[in-house]
Structure formats: C-alpha cells, structure tokens
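Encoded as structure tokens, the structure appears first; notes follow it.
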There are 2 protein chains.
Amino acid sequence: MNFLEERILKDGVVKEGNVLKVDSFLNHQMDINLFDQMGEEFKKRFAGKKINKILTIEASGIGIACIVARHFNVPVVFAKKSKSINIDGETYVAQVESFTHKCVNQVLVSKRFLSPEDNILIIDDFLANGCALRGLISIIENAGATVSGIGIAIEKGFQRGGKEIREAGYQLESLAIVEEMDAKNGTVTFR
Amino acid sequence: MNFLEERILKDGVVKEGNVLKVDSFLNHQMDINLFDQMGEEFKKRFAGKKINKILTIEASGIGIACIVARHFNVPVVFAKKSKSINIDGETYVAQVESFTHKCVNQVLVSKRFLSPEDNILIIDDFLANGCALRGLISIIENAGATVSGIGIAIEKGFQRGGKEIREAGYQLESLAIVEEMDAKNGTVTFR
C-alpha cells in the first residue's frame, strides 16, 4: 500500500452514492507535504517522458498540479470553467460533465498557452467517468500538442474512465485506484 | 522595482476598464518559479507571525497559496465558490462580488477546517475593491480564528480595498501595488 492509499484509509470518508470524501487533505484542505510526495512519485513514473508543461482543471486540480510542477520544473496551465472577461481572444473549448456538481461546464484554455511544440502532462485529483480528462485531452489535441502522460491522485476503478483512457493508448498513472467502496462499513478496497 | 513588478512590466497587458492581464504567468498559465519567489518574500514579510494555515479562494489563488505554503510548512484551505455535494455538514459562508466575473458568489469553507486555535495567512492573486478579502476575513472571524496577515500578489492601489483593510488594522502585504494603468499607452505605474 502506498502513501496515498494509506492516507485515504486514515482520513477518507465513504459516503452513499459512491462519494469518497478526501476534503481534509486533498481537495478543500490541502496537505502540501502529501502533494510533494505525489510529485516525487509522478516524476518517477513519467521518467524519460518529454514534458514541458502541466495542464489541469480548476479548482481542485490546481494545488496538486502546482506542487507536482516543481518536480518537473515546468509551468502549469489550468482550464477555466466559465468565460470571464479576463479570457479574451481565442480559446480552446471542451464540454465537461461534473460528477460532483451534476452539471455540464464549458472549459476553456487560451490558445496562447498551448502550441504544437508542447508536450503536456495532465494532472487532476479524481478520475471517475473520465469526462474532465477527455475534455482536457481534446483541448490538447485540438492545439496540435502532445499528451505525454496523465497523472491522477485517486481513480475510481469501478467507473469506466480509466479503462477507456488506457485502452486509447495514453500512459495514465493513478496513485490510488479504488476498486470498491462500502458506505455502510466505511471500507475502501484498492486495486 | 521588485521581481513581480518587473515581470508585470515585461509580460502584463493593460486593457480598457482597468483590467491588468497577467494570465501568461499568474492566473491562467502559472510560473511556479515566480510563485516560489513570492513565497520567499512573504516568509520574510510575515517573519515572527504565528501562522499554522493558509486560506485562499478558488480558483486563481490556489496555485500561489500552495507554493507559498511550502515556505511556511502549513496546509492550505481554499474557499469554494458554489455548494457541491462534496461539502456536507456545516460551512462558514460569505457573499463575494467578483470584479472579473461581474456576479455575486457565495463562498464556503467547511467548519471542520477552521477553529479558534488557527492563525491564518490569507493569500490571493488580486486585491481591488476588497470584496473577496472581506469575505475571507469574515469567514475566519466567524470561526473565532485569527487573521495573522494577508499576502496579495497584485493590488490595484487606485481602488479602495487595500486602504480600507489596512485602516482596519490588518497586516496587508501586496508584492506589487499598481498606482496607475493606461490602456492607451500600455503603461503601468507602481506605488
């Protein structure tokens, strides 16, 4: 069992509806030392890959992505969830359905920050049905850039996202893959 | 002129309507080495202050807050802008008007992550009219916690937020205070 799986067992809470609450250390309160360990681990798993930029999605991907970025010495771009007056000019757009918020968001990345020369590592906190991830992949590929890899903190292995994305040929590394959760007993089983 | 002011002159773009675009290094694409310098500087400016937690607000405060947190060796909590099914139980709430998005957001922090023992450093990317900041301060004070200091990347010195918050007695440190911007000539003058 790795450091993240141990932390999930210690501080994660299983709720009805396949919700795994990790907000005390991952996506509301954030344990920066834990993120640093994640960065170290991703650096190992993507050793030898060309990576010059990290792409993530607001909001809970940003903290992890920034700490991970220190290990790769690259900048981070985060996809924004709504059109603001601060994004002008042309943007790459994808539709993303949120499991947590039960809504469809438009996510945007300014065209100025993605180019065909870019080799991108995608970082996010959760992977479930893979909607957010497919949105980010389509944005990168629309830009003519390359997806060098995908690093996820927690994958819900019983949902289809991870399987589909691995079958599509991407190097997807999830630090914790949850195989089963039981809200009644509060148990989590990892792959 | 400090490192952030230099960077603003180099890569910032002044737009009509008092908009300073710094999205190539601060709040869409993020320069992690720059954030690291900011962390070093905040650590100096808040030397001797008791700080055991950083509070920021999604989305563009999160990256800076996480990198700054490494210099203080503390966790980060970010205030969320909409109620999601992942926040249950009781939350502290404040109303925040967004200058950028022209709307009023409800921002929330779970009561589990703020307590009367907490000494909080607030971190955010921009300070203009101070709405977001006053929201975060009210959340901290509703929790009975202490605002140990406020660290801002860019303050618009010609708007009222900074003045009001300093007059209220808080230690507010802005790394770049813009005194004047001219969209026609593209010039920025710092205090």
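Letters A, B, ... mirror the listed sequences (proteins, then strands); counts begin at 1.
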Is the number of heavy atoms from other residues, nucleotides or ligands under 6.0 Å of [X] [atom1] greater than 12?
X         : atom1 : answer
Glu180(A) : CD    : no
Lys163(B) : NZ    : no
Lys50(A)  : NZ    : no

Distance, nearest 0.5 Å, that separates [atom1] of [X] from [atom2] of [Y]:
X        : Y        : atom1 : atom2 : result
Asn27(B) : Glu58(A) : CG    : CD    : 11.0 Å
Met30(B) : Ile62(A) : CE    : CD1   : 5.5 Å
Ser60(A) : Lys80(B) : OG    : NZ    : 6.0 Å
Arg70(A) : Asp36(B) : CZ    : CG    : 5.5 Å
Gln29(B) : Leu55(A) : CD    : CG    : 10.5 Å

Next item on the list: For Cys66(A) and Ile32(B), work out which heavy atoms get closest and say how close.
Entry: SG-CD1, 3.7 Å

Next item on the list: Let me know if Ser24(B) has heavy atoms under 4.5 Å from chain A in its side chain, its backbone, both or neither.
Entry: both

Checklist line | Segment of Val22(B) engaging chain A (4.5 angstrom heavy-atom cut-off) | finding: neither

Check: Is it true that Leu127(B) and Ile177(B) fall in one hydrophobic cluster, defined by side-chain heavy atoms closer than 4.5 Å?
Finding: no

Margin query: Please tell me whether Leu108(A) and Val13(B) are part of a single hydrophobic cluster in this structure, the criterion being side-chain heavy atoms less than 4.5 Å apart.
Written below: no

Item checked: side chain to side chain contact (heavy atoms under 4.5 Å, CB included) assessment of His28(A) paired with Val77(B) -> CA-CA 6 Å; His28(A) 185 16; Val77(B) 173; 4.0 Å; yes

